[in-house]
Amino acid sequence: MRVNEIFYSLQGEGHNTGRAAVFVRFAGCNLRCPFCDTDFSDYREMSADEIIREISVFPARFVVLTGGEPSLQVTAQFVDQLHEAGFEVAIETNGTRPVPENIDWVTVSPKEKTHPRSSYEGGSNVSLGDWQRQPDEIKVIFDGACNPDDFLPPRHNNDSPLLYLQPCDVGDPLKNNAIVEACVEYIKLHPQWRLSLQTHKLVGFK
């Protein structure tokens with residue numbers, strides 16, 4: 001597997017905000033989003049056993065598989081190996097590909113409606129409604145212009161999956177403030193959504 005980095009921190013976004021977690025960031029993605037924070041050219045080839053040995057030195061037994069797009073590389077067998085090593089497994093995916101059914105927590109951050117597929121990686125598109133393993137949370141990156149409800153799967157209710165709006169950081173403080181205000185107003189009008197903030201950026205940790 002191509003691993004961009006492994007690091008230990010707190011989950012900064014969504015339902016599991018504040019939990020100590022080991023992050024395994026995989027290189028490669030089938031989308032190209034302008035706000036992506038991954039350097040796709042920097043990675044090392046690692047086996048499943050090598051990854052597990054490296055993450056096992058940390059005290060937390062909660063691992064977050066992220067990217068890039070981890071579903072391009074993560075298999076059910078690898079998730080089984082993580083479980084056997086005592087880890088609870090979460091994945092953060094863009095939702096364009098199915099993920100292994102044995103993952104404990106699935107966060108979908110859909111972006112393809114606004115950021116097109118790249119030729120860098122292959123993979124057929126799927127609908128969230130076609131998944132056998134439905135996501136536990138959907139986290140939409142809100143830029144003030146998109147309609148968050150456009151990202152929802154056909155089968156959902158107010159309890160499953162959890163729905164989060166996360167203001168997009170565009171690198172401009174004035175624009176960011178306007179996006180946050182628009183995000184808050186949207187949630188007040190559509191209370192099935194919850195606010196997700198990038199607390200790691202607010203507090204100043206990775």
Side-chain angles (χ1 to χ4, degrees), residues 1-33 36-111 118 120-124 126 128 131-139 160-162 164 166 196 198-201 203-206:
M1 288 176 278
R2 293 173 298 172
V3 177
N4 180 268
E5 63 176 337
I6 293 174
F7 63 97
Y8 186 50
S9 187
L10 305 184
Q11 174 59 277
E13 306 170 357
H15 178 72
N16 286 303
T17 293
R19 289 189 67 180
V22 187
F23 292 84
V24 180
R25 186 184 298 279
F26 291 90
C29 189
N30 57 339
L31 301 182
R32 277 293 180 267
C33 303
C36 182
D37 57 2
T38 301
D39 179 0
F40 292 97
S41 63
D42 184 19
Y43 63 85
R44 51 183 166 146
E45 298 279 354
M46 299 182 71
S47 68
D49 288 340
E50 289 172 333
I51 293 172
I52 291 171
R53 279 199 299 271
E54 187 159 328
I55 67 176
S56 293
V57 303
F58 302 108
R61 285 299 175 263
F62 178 52
V63 60
V64 178
L65 310 178
T66 185
E69 178 46 49
S71 68
L72 293 166
Q73 302 186 64
V74 172
T75 64
Q77 180 181 0
F78 177 50
V79 176
D80 280 340
Q81 289 176 268
L82 289 168
H83 285 155
E84 290 168 5
F87 284 91
E88 179 185 352
V89 183
I91 192 169
E92 297 179 348
T93 171
N94 61 33
T96 60
R97 296 167 47 87
V99 299
E101 295 179 48
N102 54 344
I103 289 179
D104 302 298
W105 187 268
V106 177
T107 299
V108 171
S109 184
K111 303 177 181 74
S118 166
Y120 181 78
E121 295 285 1
S124 59
V126 298
L128 293 183
W131 283 20
Q132 291 180 309
R133 170 64 166 93
Q134 287 292 307
D136 298 285
E137 64 178 331
I138 295 176
K139 183 180 62 182
S160 180
L162 300 174
Y164 286 92
Q166 182 165 294
S196 172
Q198 294 180 294
T199 57
H200 53 294
K201 290 185 178 181
V203 176
F205 62 89
K206 183 172 182 177

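Heads up: numbering here begins at 1 and tracks the sequence. All values below come from the heavy atoms of this structure, side chains included, with hydrogens, waters and symmetry mates left out.
P110 and I138 make their closest contact through CD-CG2, 3.9 Å (heavy atoms, listed as atom of the first residue, atom of the second, distance). Closest approach of G18 to L10, counting heavy atoms only: O-CD2, 4.0 Å. For V64 against Q11, the heavy-atom pair with the smallest separation is CG2-NE2, 3.9 Å. When every heavy atom of N102 is checked against every heavy atom of A76, the shortest pair comes out as ND2-O, 3.0 Å.
Checking T107 against E137 by side-chain atom types alone, a donor-acceptor pair falls below 3.5 Å. Under the 3.5 Å distance criterion, with hydrogens and angles disregarded, no donor-acceptor pair is assigned to the side chains of S47 and D49.
For R61 (side chain) and A21 (main-chain N/O), no donor-acceptor pair under 3.5 Å exists by modelled atom type. Remark: side-chain polar atoms of N4 are not paired, donor with acceptor, to backbone N or O of R25 under 3.5 angstrom. Side chain of E69 to backbone of N94: a donor-acceptor contact under 3.5 angstrom is found. S196 contributes a side-chain N or O that, together with a main-chain N or O of G14, makes up a donor-acceptor pair within less than 3.5 Å. R97 contributes a side-chain N or O that, together with a main-chain N or O of S71, makes up a donor-acceptor pair within less than 3.5 Å. Looking at Q73, its side chain does come within 3.5 Å of a backbone N or O of R2 through a donor-acceptor pair. D104 places no side-chain N or O within 3.5 Å of a backbone atom of A90 that could act as its donor or acceptor partner.
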Just do the side chain to side chain contact (heavy atoms under 4.5 Å, CB included) check on H15 and D136 with the steps written out, would you? CA-CA 9 Å; H15 178 72; D136 298 285; over 6 Å; no
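Classified by interplanar angle (parallel below 30°, tilted 30° to 60°, perpendicular above 60°), the ring pair F26/F78 is perpendicular.
Salt bridge annotation for E50-R44: absent, with no cationic side-chain nitrogen under 4.0 angstrom from a carboxylate oxygen.
No more than 12 heavy atoms of other residues, nucleotides or ligands shown are found within 6.0 angstrom of CD on Q77.
Within the 4.5 Å cutoff, side-chain heavy atoms of F87 are placed close to those of S56. Taking the side chain as every heavy atom from C-beta outward, T93 and V74 never approach each other to under 4.5 Å.
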